[in-house]
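Here the structure is laid out as structure tokens; the discussion comes afterwards.
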Amino acid sequence: DVQLQASGGGLVQAGGSLRLSCAVSEFTFDDYAIGWFRQAPGKEREGVATISSHGNTYYTDSVKGRFIVSTDNFARMGYLQMNDLKSEDTAVYYCALDLESLSTYGLSRPEYEYDYWGQGTQVTVSG
């Protein structure tokens with residue numbers, strides 16, 4: 001069965017960087033989309049970034065220019081490089097896998113489009 005494992009969270013000062021990783025097991029990186037979501041305390045989960053097997057990317061406005069989403073198909077890994085972190089980036093971050101790269105919603109697709117989810121990894125930005 002496909003499993004996702006998110007890692008790389010931690011405590012960082014404002015202005016710092018973190019790289020989150022998402023390991024995908026039992027899956028051949030062929031046609032897919034990997035999405036990154038986050039949920040801050042007291043708030044709903046929101047989409048942060050998406051990358052498709054075609055190399056197309058999507059970022060929510062609040063992270064544009066600061067976050068970079070990527071994949072390593074050979075290693076079956078997804079990554080979210082987060083730079084210039086701000087206190088409002090504090091949240092639990094999740095990666096998710098959609099078994100289809102295409103969606104009527106494009107890359108900013110809703111959560112229910114995703115087939116598998118990893119457990120969350122906590123990112124805390126201080127200062």
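Note that the coordinates shown come from a computational prediction; the quantities given were computed from them, not determined experimentally.
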(request) Mind listing the closest non-hydrogen atom pair of Gly127 and Ser87 along with its distance? (result) O-CB, 4.0 Å
(request) Step through the shown structure and confirm whether more than 12 heavy atoms of other residues, nucleotides or ligands are within 6.0 Å of CD on Glu44. (result) no
(message) I'd like to know if the side chain of Arg109 reaches the main chain of Gly106, judged simply by a donor and an acceptor atom lying under 3.5 Å from each other, with no hydrogens or angles considered.
(response) yes
(request) Answer whether the closest heavy-atom distance between the side chains of Thr90 and Arg38 falls below 4.5 Å. (result) no
(message) If hydrophobic clusters are built from ILVMFWY residues whose side chains come within less than 4.5 Å, do Ile51 and Leu18 share one?
(response) yes
(message) Less than 6.0 angstrom from the centroid, inside 45 degrees of the normal: does Arg19 satisfy that with respect to the ring of Tyr79?
(response) yes
(request) Check the side chains of Tyr32 and Asp115 for a donor-acceptor pair under 3.5 angstrom, ignoring hydrogens and angles. (result) no
(request) Report the distance from atom CZ of Arg76 to atom CG of Leu97, rounding to the nearest 0.5 Å. (result) 11.5 Å
(request) Return the minimal non-hydrogen interatomic distance between Asp31 and His54, and the atom names on each side. (result) OD1-NE2, 4.0 Å
(request) Would you please name every residue forming a side chain to side chain contact (heavy atoms under 4.5 Å, CB included) with Val92, sequence neighbours left out? (result) Tyr94, Gln122
(message) Atom CD of residue position Gln3 - does it have more than 12 heavy atoms of other residues, nucleotides or ligands inside 6.0 Å?
(response) no
(request) Find out whether Val48 and Met82 are in side-chain contact, i.e. whether some heavy atom of one side chain is under 4.5 Å from a heavy atom of the other. (result) no
(message) With a 4.5 Å cut-off on side-chain heavy-atom distances among I, L, V, M, F, W and Y, is there a chain of contacts connecting Trp117 to Tyr93?
(response) no
(request) State which residue, out of Cys95, Cys22, Ser21, fulfils the side-chain contact (heavy atoms from CB on, under 4.5 Å) condition with Ser7. (result) Ser21
(request) Hey, could you give me the CG/OH distance between Leu80 and Tyr59, rounded to the nearest 0.5 Å? (result) 7.5 Å
(request) Compare every heavy atom of Gly9 with every heavy atom of Val123, then report the nearest pair and how far apart it is. (result) CG2-CA, 4.0 Å
(request) Quickly, which of Ile34, Asp98, Val24, Leu99 forms a side-chain contact (heavy atoms from CB on, under 4.5 Å) with Tyr116? Name it, please. (result) Leu99
(request) Look at Lys86 together with Asp89 and state whether they make a salt bridge at an N to O cut-off of under 4.0 Å. (result) no
(message) Can you confirm whether more than 12 heavy atoms, excluding those of Gln39, are under 6.0 Å from its CD atom?
(response) yes
(message) Is the distance from the ring center of Trp36 to that of Phe67 below 6.0 Å?
(response) no
(message) Are the side chains of Ser17 and Gln81 in contact, using a 4.5 Å heavy-atom criterion?
(response) yes
(message) Once rounded to the nearest 0.5 Å, what's the spacing between atom OH of Tyr114 and atom OG1 of Thr50?
(response) 3.5 Å
(message) Nearest 0.5 Å, please: how far is OG1 in Thr57 from CD1 in Ile68?
(response) 10.0 Å
(message) Checking one residue: Tyr112. Which other hydrophobic residues are in its cluster under the side-chain 4.5 Å linking rule?
(response) Tyr105
